[in-house]
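Letters A, B, ... mirror the listed sequences (proteins, then strands); counts begin at 1. All values below come from the heavy atoms of this structure, side chains included, with hydrogens, waters and symmetry mates left out.
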There are 2 protein chains.
Amino acid sequence: MTSPSNVLRFASQQNVDCRACHLSSLCLPQGLSLEEIAELNDIAQPLAMLRKNEALFLQGMPFTSLFAVRSGSLKQVTTTETDEYLVTSFFLPGEMVGLDAIGEKSYPGSAVALETTTVCELPFERLDDLCASLPELRRRFHRNLSQEVHNERLMLRLLLRRTADVRLACFFFAMSERFRRRGYSPYRFRLAMSRGEIGNYLGLTVETVSRVLARYQQQGLLDIHGRDFHILDLERLSRLTEASGRRGAAG
Amino acid sequence: MTSPSNVLRFASQQNVDCRACHLSSLCLPQGLSLEEIAELNDIAQPLAMLRKNEALFLQGMPFTSLFAVRSGSLKQVTTTETDEYLVTSFFLPGEMVGLDAIGEKSYPGSAVALETTTVCELPFERLDDLCASLPELRRRFHRNLSQEVHNERLMLRLLLRRTADVRLACFFFAMSERFRRRGYSPYRFRLAMSRGEIGNYLGLTVETVSRVLARYQQQGLLDIHGRDFHILDLERLSRLTEASGRRGAAG
DNA sequence: CGCAGGATTGATTTCGATCAACTGGAGTGG
DNA sequence: CCACTCCAGTTGATCGAAATCAATCCTGCG
């Protein structure tokens with residue numbers, strides 16, 4: 001249980017132009033006018049840099065900003081009242097961190113870098129103001145939030161009634177899609193998280209993750225070397241994903 | 001698998017005043033000024049009435065409105081590509097239906113009445129416009145959406161690593177809280193959904209639900225008669241809720 | 001009264017957690 | 001440079017929780 005050592009060390013020496021944040025690669029600004037994007041960029045803060053195990057924010061810190069991942073990756077973890085350590089999300093480049101904090105006064109979990117990671121900050125106060133004047137942004141923003149609700153709900157509800165095999169297939173398929181959407185190869189990628197973190201995220205033990213991966217490897221579905229994954233048969237993986245669960249039934 | 005027979009029959013004969021919707025009992029308007037609430041009420045449509053198994057909207061229908069439950073209750077069900085029937089939520093009086101549709105062009109699931117149910121409609125178009133002019137409403141609204149993300153995420157992620165016992169304890173505890181928050185007794189309530197629907201919602205089979213309930217009954221935790229539930233020992237129920245799960249581990 | 005669908009109870013099986021031992025690579029220091 | 005340690009990952013054996021299969025038992029309802 002490696003607790004994050006430091007918090008949010010801004011690389012303030014490199015006073016990067018806001019546009020370096022490449023907000024345009026985020027889903028939020030799609031469909032906005034150039035002027036609107038410019039306005040949005042204006043509120044974005046310079047890049048911040050995190051090293052492995054450093055936290056972008058800690059659970060319970062007052063909510064002030066959303067963050068866009070520029071490079072690297074993070075996990076979000078929540079510690080429950082019963083001292084359970086739950087990995088609730090992973091964030092890849094181009095994705096938005098902190099959406100689930102908007103309603104709260106404070107962040108509901110800690111965002112911890114899985115490797116060297118850069119992010120840019122979007123002060124929520126200003127984003128909120130901007131929403132008032134830019135209807136398209138507001139709509140985009142609502143859509144983003146809402147899809148988050150929807151995805152999580154369906155995803156987890158499906159996971160709930162899936163075997164370990166299928167859960168992992170879903171995980172890799174989803175990861176593949178996320179890489180594809182951002183313009184990376186959907187077939188080959190490196191995931192910075194450990195087996196334990198994947199297991200935690202999916203509600204499985206390390207041992208089970210390891211065993212299932214071994215089986216996949218031996219079936220020629222994936223080629224795995226440490227944390228480098230190579231999807232050999234995406235088609236079959238996708239079919240596995242759809243294998244119907246076993247639990248629960250009618251309505 | 002009882003498929004909803006009809007769709008959305010408005011009781012247009014009873015042309016109720018908007019205020020009858022009692023929007024004030026929803027969480028949304030809390031903290032708004034009287035004027036703001038009035039404006040919000042102005043966009044609310046008259047009551048609609050649904051009989052058991054009638055749908056408020058069907059999965060795939062174009063998204064137009066949110067709905068506030070006035071009396072009765074509903075389930076939301078999603079049919080996946082693999083023809084699985086998933087109960088994704090239950091809605092009680094005072095709660096908001098359709099939040100997870102906001103981002104989409106269409107409703108991601110069908111809302112079906114579990115019993116005779118009345119709702120009032122909030123056309124989203126107008127709510128959205130209103131958000132532009134009422135910052136407090138906008139904030140409220142964001143908060144609502146975001147909490148939905150957060151709750152779902154945590155709830156399901158916990159469920160994922162809980163035994164059947166604990167899942168059901170969570171379910172009843174949550175229900176109890178929801179009734180309490182709306183001013184009803186947190187100890188005695190009738191739930192219109194079947195065992196099968198509860199099981200589906202929690203990712204358990206009917207048999208397991210039945211067995212666990214039997215155990216609870218015999219342990220003097222709940223008193224159960226059909227669909228009437230009487231929580232005898234809320235304290236113990238709450239403690240059960242916190243019993244740490246078994247799956248997954250470190251990070 | 002009889003029937004249908006929901007609910008309960010029992011027997012068996014299977015999946016994945018748990019416990020435990022071991023491997024291998026990266027980092028450390030003598 | 002090699003021994004040692006440490007931790008992530010793998011592999012094996014066992015056990016328990018819940019699904020599955022299979023009868024009933026209610027209970028409201030036409």
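Taking atom CZ of Arg227(A) as the reference point, atom C1' of dC7(D) lies 10 Å away to the nearest angstrom. Following rounding to the nearest Å, Leu204(B) (CG) and dA19(D) (C1') show an atom-to-atom distance of 10 Å. In this entry the distance linking CZ of Arg162(A) with P of dA19(D) reads 14 Å, nearest Å.
Residues passing the salt bridge (charged side-chain N to carboxylate O under 4.0 Å, His left out) test with Asp165(A) are Arg215(A), sequence neighbours excluded. Here Gln217(A) pairs with nothing under the side-chain hydrogen bond (donor to acceptor under 3.5 Å, both in side chains) rule; sequence neighbours left out. Listed by chain and number, the residues in a side-chain hydrogen bond (donor to acceptor under 3.5 Å, both in side chains) with Gln218(A) amount to none (sequence neighbours excluded). Arg178(B) pairs by the salt bridge (charged side-chain N to carboxylate O under 4.0 Å, His left out) definition with Glu95(B), not counting sequence neighbours. For Arg195(A), the side-chain contact (heavy atoms from CB on, under 4.5 Å) partners two or more places apart in sequence, or in a different chain, are Val206(A), Val209(A), Leu213(A), Ile224(A), Arg227(A), Phe229(A). For Tyr107(A), the ring pair (Phe, Tyr, Trp, His ring centres under 6.0 Å) partners two or more places apart in sequence, or in a different chain, are Phe57(A), Phe63(A). Every residue two or more places apart in sequence or in another chain that forms a salt bridge (charged side-chain N to carboxylate O under 4.0 Å, His left out) with Arg190(A) is listed here: Asp228(A).
Ring planes of Phe189(B) and Phe172(B): parallel class, angle under 30° (limits at 30 and 60°).
When distances are taken from the side chain of Thr163(B) to each of dA17(C), dA18(D), dG16(C), the shortest belongs to dA18(D). For Thr205(B), taking side-chain heavy atoms from C-beta onward, the closest of the listed nucleotides dT20(D), dA17(C), dG6(C) is dT20(D).
Non-hydrogen atoms lying under 4.0 Å from DNA chain C are contributed by Ser210(B), Arg211(B), Ala214(B), all within residues 210-221 of chain B.
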Please tabulate, one pair per line, each protein N/O and nucleotide N/O from nucleotides 25-30 of chain D that are separated by under 3.5 Å, including the distance.
none

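Comparing Ala164(A) and Glu207(A) against DNA chain C, the residue whose closest nucleotide sits nearer the 5' end is Ala164(A).
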